[in-house]
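Got a structure for you, written out below as structure tokens; questions coming shortly.
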Amino acid sequence: MALAVAAGRGDDGLIDTMKVFCGRANPTTGSVEWLEEDEHYDYHQEIARSSYADMLHDKDRNVKYYQGIRAAVKRVKERGQPAIVLDIGTGTGLLSMMAVSAGADFCYAVEVFKPMADAAVKIVEKNGFSDKIKIINKHSTEVTVGPDGDMQCYANILVTELFDTELIGEGALPSYEHAHKNLVEENCEAVPHKATVYAQLVESRRMWSWNKLFPLLVQTETAQKLIVAPAEMESCPGAPSVYDIQLNQMPLSDFTVLSDVLTMFSVDFSKQVNSSPTHHTMQFEPRESGRAQVVLSWWDIDMDPDGKIKCSMAPYWVHSDPKNIQWRDHWMQCVYFLPNEEPVVQGESLYLTAHRDDYCVWYNLHKTRNEKSKNNFHEERPVCECQAHLLWNRPRFGELNDHKRTEQYIQALKKVLKADSICLCISDGSLLPILAHCVGAEQVFTLENSAVSHRLMKKKSKKTRRILNFIFKANGLEDTITIIEKRPELLTSADLGDRKISVLLGEPFFTTSLLPWHNLYFWYARTAVIEHLANNITVLPQAASLHMVVVEFKHSLDFREAREAEPHPLWEYSSRCLSEPQQVLMFDFQKPVPEQPLSAEGSIFLQRPGKSHGVVLWMEYHLTTESSLSTGLIQMPEAQGECSWNPHCKQAVYFLNSTLEAKTQDSPQSVTYSLEFNPKVGDISMDFRLVS
């Protein structure tokens, strides 16, 4: 949220400057903080994630765009026409500058995002193209043509880069549809000329675990309990959004291919595009028998009508040149989940249908071309009906289905729980309360929505309560676990039946957390409920520690972003540890949050040759003195430094300002560090320096 206020007046008594105060919920402390920004602050864009840098460094994309643009300009010139280019979504203006360099007479470059449009104006001017490129800061559907319009005439070359991993998720189809009707000549040239979408049916327990809640067996000394997902979750088609990941990091052992690659549909961008909902069906015979669960999908684009200039997103197992795949983070591959898993038999005739509307694609599998049974055919975009897919993202589903991780919690609970234990769980949408009950706690409370601001609390608590009640009811636990929908500081003795808590539990996991240490909110919650804790309170986890390691990324770009840590799912990125992992800070949950900062300084030595691109930081949670869970490295680096990262969590990456290349193990090269945890704001300030 944002509030604009007058910050000062000039000599004439009029408002001289404005300040914008933006309210942000602190994910660690749970409090709302007001940050001051200047009057030009574009708070509508503060949640936008930019991929400009990655696109600009995508050599394969840039070369092929230039080749396609140059060929299009040449074809127009050969017809004796001036080459007038419309560049929709120009970003930095790169494609427009390519067009002018290739001989275009004039370019209209449209960019709706004002900060980027302003940057494009400066970049175009600095490169000497201002006389042939006009930056238009509008959405393309607002652009006008005519003597008094934004464009003096219709364009005969349409250049765009409106694509995301799903191809159409950024609104490419409506933009093309409008442009062909209103901004370009009939039969114009288009770069790219065509896009083709491919799909492959697979069975994968790992990927399916990102979409459904698996049964869980809890074994105790006297009994066993099977925890099952409620029927509402089992029948739910799931979230409508695609899961875009780096499939090139997914080993073949994690899935079984059930079909050949199927060409699902193509879009010709040089002709009138229709964004209305439609579907495309392909008949095929499974290569193997199995359970159809997931559709993997990707696309390629032809930059020219002859298909000689092609840019492909194909994953390594079907790529024409798997040893020379262009690394890119802005276009990856798609994972789609079928509404339900279906058994398939090798050689039987099946039909895969790709549905799409103007922004979204989804898939269905059926046995006849026109089959439209209620259970497995969705003409309309699927919508989550159980609410779980709206509360838990795909990595969270995977985390809840990680039985090794769950077993660690069960074993830790067995060590700390007694028959008379009164438990309070503080985590978002956690299964810990169920585990605590199954292991033998006398009474279990779960405090939900503790890290959510008051404004969002009611909406989120309704979803959480509904999901947990579904799970409790499906397992006969609806009368044994009490859900409390309050923030920790508002908890009363009456909420707990006037009983003191003997065991405080947390994974900890909170949906508002972005960086690893944001889940330290559990510590602040523990401090807020201190009056309700027994004198001999047991806390699980009993402590947390911050760890770090210096890494080399296989596909690192030669630029550095802001001097702060950024969250990244590192299992998707090939990396090597150049140093040994090192613990740098410890957080004792047995005690309240301290008033004084916690700090650490020192050096970490580079022990393997390579380029030191950045420092990775993560948390480890010490459930008991014998058991710990890592949100970062899940095993010690191998001899060459290959890293294995927790696939359910994002790690924090601090990119170093310069790259130090360690030549040999004998070189005394190191990275110095200085870190400080400020308990007042719940954040960690850090600084790293390369020392040769």
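Source: prediction; values computed, not measured. Excluded from the calculations below are hydrogen atoms, water molecules and symmetry mates; all remaining heavy atoms, backbone and side chain alike, are included.
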Next on the checklist: Can a side-chain donor-acceptor contact be found between Thr353 and Asn364 if the only test is distance below 3.5 angstrom?
Outcome noted: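 No, Thr353 and Asn364 have no side-chain donor paired with an acceptor closer than 3.5 Å.
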Item to check | Test item: side-chain donor near acceptor, Thr631 and Asn646, under 3.5 Å | outcome: no
Item to check | Derivation and outcome, side-chain hydrogen bond (donor to acceptor under 3.5 Å, both in side chains), residues Gln651 and Tyr573 | outcome: CA-CA 11 Å; Gln651 293 74 37; Tyr573 304 87; over 6 Å; no
Checklist entry - Do the side chains of Ser241 and Tyr243 get nearer than 4.5 Å, heavy atoms only? => result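 Counting from C-beta outward, Tyr243 and Ser241 never come under 4.5 Å.
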Checklist entry - Any chance the side chains of Gln607 and Ser579 put a donor and an acceptor closer than 3.5 Å? => result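 No, Ser579 and Gln607 have no side-chain donor paired with an acceptor closer than 3.5 Å.
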Next on the checklist: Counting the benzene-type ring for Trp, do Tyr198 and Phe265 have ring centres under 6.0 Å apart?
Outcome noted: no
Next on the checklist: Does the plane of the ring in Trp210 sit parallel, tilted or perpendicular to the ring in Phe337? Use 30° and 60° as the thresholds.
Outcome noted: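 The rings of Trp210 and Phe337 stand perpendicular, inter-plane angle above 60°.
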Checklist entry - Any side-chain heavy atom of Ser574 sitting closer than 4.5 Å to one from Gln249? => result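 Side-chain contact under 4.5 Å: yes.
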Checklist entry - Could you go step by step and tell me if Asp60 and Arg328 meet the salt bridge (charged side-chain N to carboxylate O under 4.0 Å, His left out) rule? => result CA-CA 9 Å; Asp60 179 67; Arg328 38 176 73 93; 2.9 Å; yes
Checklist entry - Hey, does Glu564 have a side-chain heavy atom less than 4.5 Å from the side chain of Tyr654? => result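 No. Closest side-chain heavy atoms not under 4.5 Å.
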Checklist entry - More than 12 non-hydrogen atoms from neighbouring residues, nucleotides or ligands closer than 6.0 Å to CD on Glu186, yes or no? => result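 Not buried by this count: 12 neighbours or fewer within 6.0 Å.
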Checklist entry - Under 3.5 Å, is there a donor-acceptor pair between the Gln246 and Asp329 side chains? => result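 Looking only at side-chain atoms, Asp329 and Gln246 do form a donor-acceptor pair, the distance falling under 3.5 Å.
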Item to check | Distance-only polar pair, side chains of Trp317 and Gln200, donor-acceptor under 3.5 Å | outcome: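 Short answer, yes.
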Checklist entry - Do the ring centers of Phe397 and Trp392 come within less than 6.0 Å of each other? => result yes
Item to check | Salt-bridge present (Asp357, Arg381; N to O < 4.0 Å) | outcome: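 Here Asp357 pairs with Arg381 in a salt bridge, since their nearest N and O are under 4.0 Å apart.
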Checklist entry - Does atom CZ of Phe129 have more than 12 heavy-atom neighbours from other groups under 6.0 Å away? => result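 Count over threshold, so yes.
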Checklist entry - Does the side chain of Trp327 pick up a donor-acceptor pair with the side chain of Asp58 at under 3.5 Å? => result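 No pair is found: no donor N or O on one side chain lies under 3.5 Å from an acceptor on the other.
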Checklist entry - Would Ser575 and Trp645 count as a side-chain hydrogen bond (donor to acceptor under 3.5 Å, both in side chains) if you check the C-alpha gap in whole Å, the side-chain angles of each, and the deciding distance to 0.1 Å? => result CA-CA 10 Å; Ser575 58; Trp645 300 104; 3.1 Å; yes
Next on the checklist: Does atom NZ (Lys64) have a neighbourhood of more than 12 heavy atoms from anything else shown, all under 6.0 Å?
Outcome noted: yes
Next on the checklist: To the nearest 0.5 Å, what is the distance between NE2 on His279 and CE on Met264?
Outcome noted: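 Those atoms lie 10.0 Å apart.
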Next on the checklist: Which residues pass the side chain to side chain donor-acceptor pair (under 3.5 Å) test with Arg689, not counting sequence neighbours?
Outcome noted: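 With neighbours one apart ignored, the set is Asp687.
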Item to check | Residue Lys138 excluded, over 12 heavy atoms near NZ under 6.0 Å | outcome: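 Atom NZ in Lys138 is packed in, count exceeds 12.
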Checklist entry - Using 4.0 Å as the upper bound for N to carboxylate O, is an ion pair formed by Arg79 and Glu189? => result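 Answer for the salt bridge query: yes.
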Item to check | Residue pair Gln272 / Lys181, side-chain heavy-atom distance below 4.5 Å | outcome: yes
Checklist entry - Is there side-chain contact between Ile157 and Ile84, with heavy atoms separated by less than 4.5 Å? => result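 Side chain of Ile157 against side chain of Ile84, heavy atoms only: no contact under 4.5 Å found.
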Next on the checklist: Counting neighbours of NZ on Lys271 that are heavy atoms of other residues, nucleotides or ligands and sit closer than 6.0 Å, is the number greater than 12?
Outcome noted: no
